[in-house]
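Take a look at the structure below.
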2 protein chains.
Amino acid sequence: MKEFLRTKGFKMTPQRELIFRSFFELGRHVSVDELYDKVRLQDNTVGYSTVWRNLKLICRVGLAEVVNIGDGITRYDRVTNIPHGHLYCLKCKELIEFNVEQIVGMLAHKTSDYNFTPENFKIEIQGYCENCRESEVEVVEETKSDA
Amino acid sequence: MKEFLRTKGFKMTPQRELIFRSFFELGRHVSVDELYDKVRLQDNTVGYSTVWRNLKLICRVGLAEVVNIGDGITRYDRVTNIPHGHLYCLKCKELIEFNVEQIVGMLAHKTSDYNFTPENFKIEIQGYCENCRESEVEVVEETKSDA
DNA sequence: TTGAAAATGATAATCGTTTTCATTTAGCGT
DNA sequence: ACGCTAAATGAAAACGATTATCATTTTCAA
Ligand SMILES: [Mn+2]
Ligand SMILES: [Mn+2]
Ligand SMILES: [Zn+2]
Ligand SMILES: [Zn+2]
């Protein structure tokens with residue numbers, strides 16, 4: 001990792017190493033606060049700015065990307081070899097990942113119609129998960145009588 | 001429109017009427033500030049809060065939905081009969097719409113594997129438009145500094 | 001070893017969003 | 001038409017996540 005960063009022109013530091021390691025341990029959909037908390041468990045001198053900046057760095061070197069589920073909190077998702085989209089449950093806030101390899105392929109083809117060069121694809125579906133499905137109907141019904 | 005809102009339990013006001021009309025005149029990807037500016041051209045007594053609240057109302061009654069292109073500004077897009085995705089140019093910030101009717105169909109089918117009930121689909125592709133394609137490489141090199 | 005460039009940490013600034021609250025208004029029932 | 005109540009408004013402040021600032025420390029290549 002140190003070498004990987006060096007070739008990209010960045011230096012390695014103890015804080016950076018801890019932050020990177022902690023991020024990959026957390027794995028998915030990591031917010032700055034979450035990562036900060038995890039990092040502080042091992043070293044409570046690391047600053048918030050440092051965590052934030054390194055999270056951006058992880059993105060810049062292509063190891064993660066931003067995922068925004070609409071709750072106002074920026075989360076960072078490690079980049080996987082297989083592209084995935086997100087199913088976001090509006091009720092329990094669960095975030096399910098699903099394979100979008102084929103769909104990305106089709107989208108990539110579609111963008112060529114616009115002479116557009118894609119860099120990344122975001123496919124996010126909001127709705128209701130298996131468990132929250134029933135209560136969805138109730139909510140809709142309530143909204144009616146509400147009005 | 002007045003009747004439409006009344007059936008949903010909302011009142012009509014001169015401000016609301018102006019805001020709704022202005023929103024649909026602007027059409028696509030409208031930020032609060034943009035709408036506020038447009039509204040103020042016709043009535044410079046309308047408050048920012050009122051514009052913001054009515055934009056939310058337009059969403060609540062199903063006439064618009066939030067679109068987030070990652071620049072930190074929430075935009076509101078009128079709901080169209082045909083679902084569309086967005087091509088967002090990372091350089092010139094252009095926002096191109098494209099048809100995703102077929103893809104949404106496939107995604108809807110895919111979600112059933114997860115017993116997930118979709119409510120809405122967000123398909124956003126970041127990249128470089130025709131005009132900005134060449135300078136893409138340079139940009140990546142430049143983006144490497146503190147804060 | 002050493003100097004330039006980068007990184008850090010504390011803090012403050014920024015900025016879009018949301019809330020608060022006193023006041024006004026819409027529109028229903030009478 | 002009138003009065004009432006819930007909704008809507010507008011000014012301002014609160015909020016909160018993100019980003020910038022800056023003095024200090026650290027890395028690493030020469
Ligand atoms: Mn993910
Ligand atoms: Mn659009
Ligand atoms: Zn759920
Ligand atoms: Zn462009």
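Values reported hereafter were calculated over all heavy atoms of this structure, with side chains retained and with hydrogens, waters and symmetry mates removed. The sequence lines fix the lettering, A, B, ..., with proteins before strands; numbering per chain opens at 1.
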When we call it a touch if two heavy atoms are under 4.0 Å apart, what does A:Asn54 touch: a base, just sugar-phosphate, or nothing? sugar-phosphate

Report yes if at least one side-chain N or O of B:Arg53 is closer than 4.0 Å to OP1 or OP2 of D:dA8; otherwise report no. no

Here the distance between atom C1' of D:dA11 and atom CG of B:Asn44, to the nearest Å, is 15 Å

Taking the side chain of B:Arg16 as heavy atoms from C-beta outward, which of C:dT17, D:dT9, D:dC28 is closest to it? D:dT9

Taking only side-chain nitrogens and oxygens of B:Thr50, does any of them come within less than 4.0 Å of OP1 or OP2 of D:dA8? no

Could you tell me how far apart B:Leu35 (CG) and C:dT17 (P) are, to the nearest whole angstrom? 12 Å

Under 4.0 Å between any heavy atoms, over every strand shown, what does B:Thr74 touch: base, sugar-phosphate, or nothing? Just pick one. sugar-phosphate

Taking for each residue the nucleotide of DNA chain D with the nearest heavy atom, is it B:Ser49 or A:Lys2 whose nucleotide lies nearer the 5' end? B:Ser49

Which atom pair, heavy atoms only, marks the closest approach of B:Phe98 to B:Ile123? CZ-CG2, 4.1 Å

Going by distance alone, is a donor N or O of one side chain under 3.5 Å from an acceptor N or O of the other, for B:Gln126 and B:His86? no

Distance, rounded to the nearest Å, where B:Leu57 contributes CG and C:dA26 contributes P: 16 Å

Any idea which of C:dT18, C:dA26, D:dT19 is nearest the B:Trp52 side chain? C:dT18

Could you give the NZ-to-P distance, from B:Lys8 to D:dA8, as a whole number of Å? 14 Å

Starting from C1' on D:dA17, measure out to NZ on A:Lys56 and report it in whole angstrom. 12 Å

B:Glu17 CD to D:dT9 C1', in whole Å, measures 16 Å

Taken to the nearest whole Å, CD/A:Glu3 to C1'/D:dC28 is 12 Å

Minimal non-hydrogen separation, A:Lys122 against A:Asn120, with atom names: CE-OD1, 3.6 Å

Given D:dT27, D:dA8, C:dG9, the nucleotide with the shortest approach to the side chain of A:Gln15: C:dG9

Nearest heavy-atom approach of A:Lys8 to A:Val61 is NZ-O, 3.8 Å

Using atom OH of A:Tyr48 as one end and atom C1' of D:dA17 as the other, report the distance to the nearest whole Å. 7 Å

OP1 or OP2 of C:dT8 under 4.0 Å from side-chain N/O of A:Lys11: no

Candidate nucleotides C:dA26, D:dT18, C:dT17, ranked by approach to the side chain of B:Thr13 - the nearest: C:dA26

Side-chain donor-acceptor pair under 3.5 Å between A:Ser31 and A:Asp33, yes or no? no

